[in-house]
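Quick note: numbers below take in every heavy atom, side chains included, and nothing from hydrogens, waters or symmetry partners.
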Amino acid sequence: VNTTDVDAARAELLWKPTNRLSMLALAMYQRTRQGGPNAVDVNGATTHPVMPAIEAHWEIYDTPEPQRDRFALGSLELVYRLPSLRVTSATGYWARGTVVSQDGTEESAASMNALFPVYDPPAGLGPTGPSPLGPGASERDHTRQLSQELRVTSTSTGPWQWLAGWFYQDLHSDWDLSVLAPQAAAALGGPNIYVDSQPQDILQNSE
């Protein structure tokens, strides 16, 4: 459960074809894989938890709860220098995707048995995790963003300096949560106890 594997790579390249023009490119990628959530079960009230002697995350069944996180980042900066001003173009892009799986046997049994006595939580568990064989929750979050900035700045030695620019940002986020309980299908008509999808788009311009 306590395994964590992190793979990361980063590359940066600077090119100056002339004394006036320079280009800086950057790329980065990171992947994190965990055998279980970063959680410790505690006792007591929510506002005053009591840490147990053994710090662990307890589950009644040996059900995998894998966590995945992938992140990619890229940027390109172009700078052109003139005698009295500098022109800069900065382009950036990043994307991140996370997948979190959690065994929901205890939560589902406590709630579903009260409503549907025929519900049998342990029957559907298997070695592949809570979904689709057993009750559990799966959370997926995918976000990406593209940004562009263009600036023109003065470089003279006088007392007055000026700056003009334009900024653009396009962000898309898609958050999905699915709570499944296959053994409740007979009573509910399907395995889905709760499904939530929250797509979001943000577009910004600034001068």
Side-chain angles (χ1 to χ4, degrees), residues 2-40 42 46-49 51 55 57 65-102 137-178 195-207:
N2 293 322
T3 61
T4 299
D5 295 325
V6 179
D7 299 318
R10 175 188 172 106
E12 199 168 4
L13 178 64
L14 174 63
W15 183 43
K16 299 181 68 174
T18 67
N19 291 332
R20 292 186 175 184
L21 178 62
S22 65
M23 303 180 184
L24 179 63
L26 179 143
M28 187 184 77
Y29 176 79
Q30 178 174 298
R31 181 181 64 177
T32 304
R33 294 171 292 178
Q34 294 178 266
N38 294 325
V40 174
V42 298
T46 305
T47 56
H48 297 83
M51 192 68 67
E55 298 181 5
H57 176 57
E65 296 179 297
Q67 322 284 305
R68 300 289 186 269
D69 190 340
R70 294 186 179 184
F71 178 76
L73 171 68
S75 66
L76 177 63
E77 182 186 58
L78 306 178
V79 179
Y80 190 73
R81 299 169 179 84
L82 294 172
S84 59
L85 59 87
R86 180 173 64 245
V87 181
T88 303
S89 172
T91 306
Y93 178 83
W94 65 267
R96 184 181 183 185
T98 61
V99 178
V100 177
S101 302
Q102 182 177 358
S138 178
E139 179 181 336
R140 299 175 181 269
D141 187 358
H142 297 280
T143 306
R144 59 169 174 79
Q145 176 180 289
L146 173 66
S147 63
Q148 174 64 45
E149 184 177 0
L150 182 63
R151 299 189 306 271
V152 181
T153 58
S154 60
T155 57
S156 61
T157 58
W160 295 98
Q161 302 293 328
W162 54 269
L163 168 67
W166 171 74
F167 175 78
Y168 169 83
Q169 179 192 47
D170 182 5
L171 182 142
H172 174 76
S173 175
D174 191 359
W175 181 82
D176 300 300
L177 174 64
S178 177
V195 177
D196 191 356
S197 179
Q198 299 182 19
Q200 184 180 29
D201 290 285
I202 299 177
L203 185 63
Q204 297 187 83
N205 284 276
S206 178
E207 296 180 355

Taking every non-hydrogen atom, the tightest pair across Leu21 and Pro17: O-CD, 3.4 Å

Any side-chain heavy-atom pair of Val152 and Trp162 under 4.5 Å: yes

Neighbour count >12 (heavy atoms, 6.0 Å) for atom CZ, Arg144: yes

Exercise: identify the closest heavy-atom pair between Leu85 and Thr155: N-OG1, 3.0 Å

Passing candidate, side-chain hydrogen bond (donor to acceptor under 3.5 Å, both in side chains) with Asp69, options Arg31, Arg96, Gln30: Arg96

Note, Thr143 side chain near Trp94 side chain (heavy atom, < 4.5 Å): yes

Pair Gln161, Ser154: side-chain N/O donor-acceptor within cut-off below 3.5 Å: yes

4.5 Å side-chain heavy-atom contact, Glu139 and Trp175: yes

Atom pair CG (Leu150) and OH (Tyr168), whose distance is rounded to the nearest 0.5 Å: 15.0 Å

Nearest non-hydrogen partners of His142 and Gly97, listed with the distance: ND1-CA, 3.6 Å

Heavy-atom neighbours of Asn205 CG exceed 12 at 6.0 Å: yes

Non-hydrogen side-chain atoms of Arg68 and Arg70 separated by less than 4.5 Å: no

Side-chain H-bond candidate by donor/acceptor type, Ser89 with Gln148, under 3.5 Å: yes

Rounded distance [0.5 Å steps], CG in Leu177 versus CG in Asp141: 11.0 Å

Flag side-chain contact, heavy atom, 4.5 Å: Leu26 against Arg10: yes

Approximate separation, where rounding is to 0.5 Å, of Leu24 CG and Lys16 NZ: 11.0 Å

Heavy-atom pair with the smallest gap, counting every atom of Ser22 and Arg81: OG-NH1, 3.5 Å

Given Asp7, Thr4, Thr3, the one that forms side-chain contact (heavy atoms from CB on, under 4.5 Å) with Arg33: Asp7

Euclidean distance, Met23 CE relative to Trp15 CH2, rounded to 0.5 Å: 5.0 Å

